[in-house]
Amino acid sequence: MKKIVEKHSLAMRWFHWINFPVLFLMTWSGMLIYWGNDVYKIVIGGKVLFNFFPEGFYRFFNISHRLSEGMALHFLFMWFFFANGVLYVLYTIISGEWRELVPQKKSFKEAWLVVLHDLHIRKTAPPQNKYNAAQRIAYTSIIVMGFGSIITGLAIYKPVQLNWLCFICGGYHFARIIHFALTLGYVFFFLIHIFQVIMAGWKNFQSVITGFEVIDDKTLNELANEEHGRAN
Amino acid sequence: MEEPINDPGQTPKPNDTSPNHKIEELDAEALLDKQIKRRRFIAFGSFIVLQAAAFGGWKWLANSPEEVKTVTAGAKAPLRRALNQTELFCRRLFSGNHLVKTYPKEMVPKNLRSNSYVGMPDNFNPANWKMQVVKSPTETLTLTIDDIKALPKTELIYDFKCVEGWDQIQHWAGVKFSDFVAHYKLDKQAAMEYVGFATEDKQYYVGIDMPSALHPQTLLAYEVNDGPIPIQNGAPLRLIIPVKYGIKNLKRIATISFSNQRPPDYWAEQGYDYYSGL
């Protein structure tokens, strides 16, 4: 007989789906702000590899000359981004769910095996609980990054009133660079995340909405056999 | 022999074909299906409703009318409300004891950046410059640059920050605004909420909350890099206020006035935050 397996708590699902549009808006308004002084580029060996951002990019997304609007949006949604992030971290600590999320000692070794498995280079993946080693690292990094965005963001936002924070971030100029780089990190995370979610399939995806997965007879049998095989 | 699955106590054995067991199993399965359906319906239903509400909220914000022009203008009304609310929060955080970081002279680059020349028409002669300090509707103080230079001089090397996002370490010198207030006995005026600065042609004007104006690093500056200020950087006297973005650092000051209401502010009329505090 099939079975309901609880996967994601209601709180986790709320945090996730609130964060998604809020982080999107922070990134969007951040781009409106960045346009005002778009000096960052990737330079290798004196050659400009990529310029953030090409004129066509601004034109396509209609980003130009919207600095004041970007700032107003950024300084509104920052409150939601901050509150959601803080509540999420508090929740994982209080509920004990951090145990499923924080990398373990073996995670750093195992993450490679997971990656190799995902790339179809390796047949088997290391055994896991709720999240595999690569997920543990990714989901914890993203929280550390979020923390970094808040710290560097505050350093840029109030460099005089929070001058100590600005100092910790390596000064105003450097804090702005980190703040920007972290956003690139989110975009990178997002692309991989979407790819992985698509690869994992509908059943996995829907569990982030419903909270549960239905495991049928066949899978149950397979799981039992696996368990049996491992015991041998 | 088949392996029992997970918990042999609860899961019926596949070879158990007693009719009672079969019916129980079917009932349980139907119940489970119903439960799954119900939970999925609630979860997806609320998910769609909430995401639609979020999207609707965004649409509402995006289509919200521009604020009615007062001392501020150019922003969407809800965003302006948010800026003003955030200002109230930030003002509680403000302290005159929080100082901007200062730098050694060696770190000052030679090419002083300049930006935006509103309120600075050509054919201006700094030698003829005079400044009006409006003490009251009936009393105005007229000062020359020598009057200002006679006051105690303060130097400041700090990272100037433009709202556009660039920053530059610059070396300014002038009289602290608080020293200026003390010398000309403007205590009554400084007890008001705001101070306003404007250029002679009234094309550029800023309003500063009094705590920021009286911050110990706020200068009426007449020197940069140990020399007079170049015309494009605001000769002969400009505001240097490290607790604000560059947009508030008015060049070529012609009038100073005091008020309990927000004085007009050029960039606050263009959608920018009135406070713009750092």
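Predicted model only: the values in this text are computed from it and were never measured. Letters A, B, ... mirror the listed sequences (proteins, then strands); counts begin at 1.
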If I measure from the heavy atoms of chain A, does [X] come under 4.5 Å with its side chain, its backbone, both, or neither?
X: B/Asn97; answer: neither
X: B/Leu50; answer: side chain
X: B/Gln85; answer: neither
X: B/Phe41; answer: neither
X: B/Phe55; answer: neither
X: B/Trp267; answer: neither
X: B/Leu83; answer: side chain

[X] versus chain B, heavy atoms under 4.5 Å apart: side chain, backbone, both or neither?
X: A/Phe180; answer: neither
X: A/Leu25; answer: side chain
X: A/Trp79; answer: side chain

Practice problem: Test side-chain hydrogen bond (donor to acceptor under 3.5 Å, both in side chains) on B/Asp265 and B/Tyr272 and set out the steps. | Solution: CA-CA 10 Å; B/Asp265 189 275; B/Tyr272 287 87; over 6 Å; no
Look at [options] and state which one has the largest set of heavy-atom pairs under 4.5 Å with chain B.
options: A/Trp164, A/Phe75, A/Tyr172; answer: A/Tyr172
options: A/Ile18, A/Leu67, A/Asn37, A/Asn163; answer: A/Asn37
options: A/Ile4, A/Ile209, A/Thr210; answer: A/Ile209

Quiz item: Hey, would you say the A/Phe50 and A/Phe52 ring centroids sit under 6.0 Å apart?
Solution: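 Ring-ring flag for A/Phe50/A/Phe52: true, centres closer than 6.0 Å.
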Quiz item: Is the distance between the ring centroids of A/Tyr139 and A/Tyr131 under 6.0 Å?
Solution: yes
Practice problem: Any chance you could lay out the side-chain contact (heavy atoms from CB on, under 4.5 Å) test for A/Ile150 and A/Phe81, step after step, and finish with the verdict? | Solution: CA-CA 9 Å; A/Ile150 290 168; A/Phe81 180 73; 4.0 Å; yes
Quiz item: Any chance CZ of A/Phe167 has more than 12 other-residue heavy atoms, nucleotides or ligands included, within less than 6.0 Å?
Solution: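 Incorrect, the count does not exceed 12.
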Between chain A and each of [options], count heavy-atom pairs under 4.5 Å; write down the option with the most.
options: B/Arg40, B/Arg39, B/Glu29; result: B/Arg39
options: B/Asp159, B/Val100, B/Asp33, B/Ile36; result: B/Ile36
options: B/Leu99, B/Val243, B/Asp273, B/Ile42; result: B/Leu99

Exercise. Indicate yes or no: does B/Asp209 engage B/Arg262 in a salt bridge with an N to O separation below 4.0 Å.
Key: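 So B/Asp209 does not pair with B/Arg262 through a salt bridge.
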Quiz prompt | Aromatic ring pairing A/Phe205/A/Trp17, orientation class (parallel under 30°, perpendicular over 60°, tilted between) | solution =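 Aromatic pair A/Phe205/A/Trp17 classed perpendicular.
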Quiz item: Is the NZ or CZ atom of A/Arg66 both under 6.0 Å from the centre of the six-membered ring of A/Trp35 and within 45° of that ring's axis?
Solution: no
Exercise. Step by step, work out the ring pair (Phe, Tyr, Trp, His ring centres under 6.0 Å) result for A/Phe61 and A/Phe57.
Key: CA-CA 6 Å; A/Phe61 289 108; A/Phe57 177 87; 5.0 Å; yes
Quiz item: Which pair of heavy atoms, one from A/Ile151 and one from A/Leu165, lies closest together, and at what distance?
Solution: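 Heavy atoms of A/Ile151 and A/Leu165 come nearest at O-CD2, 3.7 Å.
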